[in-house]
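Naming convention: chains lettered A, B, ... in sequence-line order (proteins, then strands); numbering from 1 in each chain.
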2 protein chains.
Amino acid sequence: MNVISTKNKEDKVNTITEMCKLFQVSARTLRFYESKELLFPIRRGQHRLFTKSDRGRMKLIMQGKRFGFSLEEIRQLLNLYNFGDHRTRQIKQTYQLGLKRLSSMEQQKKELGLAIKDLKTQLQLCKDLLLKRGADAQDL
Amino acid sequence: MNVISTKNKEDKVNTITEMCKLFQVSARTLRFYESKELLFPIRRGQHRLFTKSDRGRMKLIMQGKRFGFSLEEIRQLLNLYNFGDHRTRQIKQTYQLGLKRLSSMEQQKKELGLAIKDLKTQLQLCKDLLLKRGADAQDL
DNA sequence: ATTTAACTTTACGTAAACGTCAAGAAATAT
DNA sequence: ATATTTCTTGACGTTTACGTAAAGTTAAAT
């Protein structure tokens, strides 16, 4: 790798099928996300090429989905990771939204902790009943 | 409250509008949940009356939704909280499902923790940029 | 050069989770 | 007794998040 070459991992681009494998989603899904402005693949001719930025965004999208956020909610926050190229006014708004999202996620984590505790209790009760009914402790 | 009266908070039933207020959902939602067998309100004539059991189930439904589970996923687990009236075979299955759900929720909590960390970092970067651009620290 | 594989757009279809009338029955208030 | 409110059952509509099939285009392989 010489000085002239600016190529590095950051510059690596992926075809749509590569992205599908990377994130375990369909091509339809990726095109859909592009249409909804969650991804911005560049074009070589007609074909899409997904950049490092898209990969980062996809990671966040999957994360957001996991936590039950809608694509629209996710989209609004994605700008938080690209704030370089936005107006200060815009960034401020996104920042505020980010703070709200953060507190929402912290709240959710708390509730999740409680729900887990409840579920554990309930599972124990269930287990006790099964044992009392003569279940084999082995398969529990 | 005398000895003969068996009435207590457990016996309290709610009309559909009371339930709506209690859980901040529409009547349509409650009827929909009944149609999907997540709730089992008793009937006084044609009208629905929601029991303590339904209230408990609703709490779990709301919780499940918050964490991104589908109604069908939620329905399957609800039996975990009514296992008294089921066959041992059934309970065993529900118990197994509960264990899986538990580990899924614990995993989610972990990921949520990481996502929160990431978001905090990103928010800090964002804040720095805003301050460097001369934003008033007051409104951040 | 031609087959093949990967990709494209367009467009209709679908499942989940309700919303929103419409029309009638039942309970409550006056 | 009658008006009003609350509730009921359909039944069609809507949004989200894609699936899927059709028909054409581009790139890669032979």
First of B:His47 and B:Ser70 reached from the 5' end of DNA chain C, by closest nucleotide: B:Ser70

B:Ile16 CD1 - D:dT5 C1' separation (whole Å): 15 Å

Protein-nucleotide distance (A:Phe32, atom CZ; D:dC18, atom P), rounded to Å: 6 Å

D:dA17 OP1/OP2 closer than 4.0 Å to side-chain N/O of A:Tyr33: no

Contact under 4.0 Å: B:Arg43 side-chain N or O vs D:dT9 OP1/OP2: yes

Electrostatic pair B:Lys100:B:Glu73 at N-O distance under 4.0 angstrom: no

Pairwise side-chain contact, A:Leu125 with B:Phe83, heavy-atom cut-off 4.5 Å (strictly under): yes

B:Arg28 side-chain proximity, nearest of D:dC18, C:dT20, C:dT8: C:dT20

Length of the CZ-P vector between B:Phe50 and D:dT6, whole Å: 16 Å

Distance below 4.0 Å between A:Lys65 side-chain N/O and D:dC18 OP1 or OP2: yes

Whole-Å distance separating the CD atom of B:Gln46 from the C1' atom of D:dT6: 13 Å

B:Leu71 vs B:Lys65 side-chain heavy atoms within contact, under 4.5 Å: yes

Min side-chain heavy-atom separation B:Phe50-B:Leu30 under 4.5 Å: yes

OP1 or OP2 of C:dC7 under 4.0 Å from side-chain N/O of A:Thr15: yes

Minimum heavy-atom distance A:Gly98-A:Leu80, with the two atoms named: CA-CD2, 4.4 Å

Phosphate contact (C:dT8 OP1 or OP2) by A:Arg31 side-chain N/O below 4.0 Å: yes

Length of the CD-P vector between B:Glu34 and C:dC18, whole Å: 15 Å

A:Thr17 side-chain N/O to C:dA6 phosphate OP1/OP2 under 4.0 Å: no

Rounded distance (Å) that lies between atom P of C:dC7 and atom CE of A:Met19: 12 Å

Under-4.0 Å side-chain N/O to phosphate OP1/OP2 contact, A:Arg48 with C:dT8: yes

Phosphate-side-chain proximity, A:Ser26 and D:dC18, N/O vs OP1/OP2 below 4.0 Å: no

Nearest-Å distance for atom pair CD/C1', residues A:Glu18 and C:dA5: 14 Å

Atom pair distance, as rounded to whole Å: NZ in B:Lys36 and P in C:dA17: 8 Å

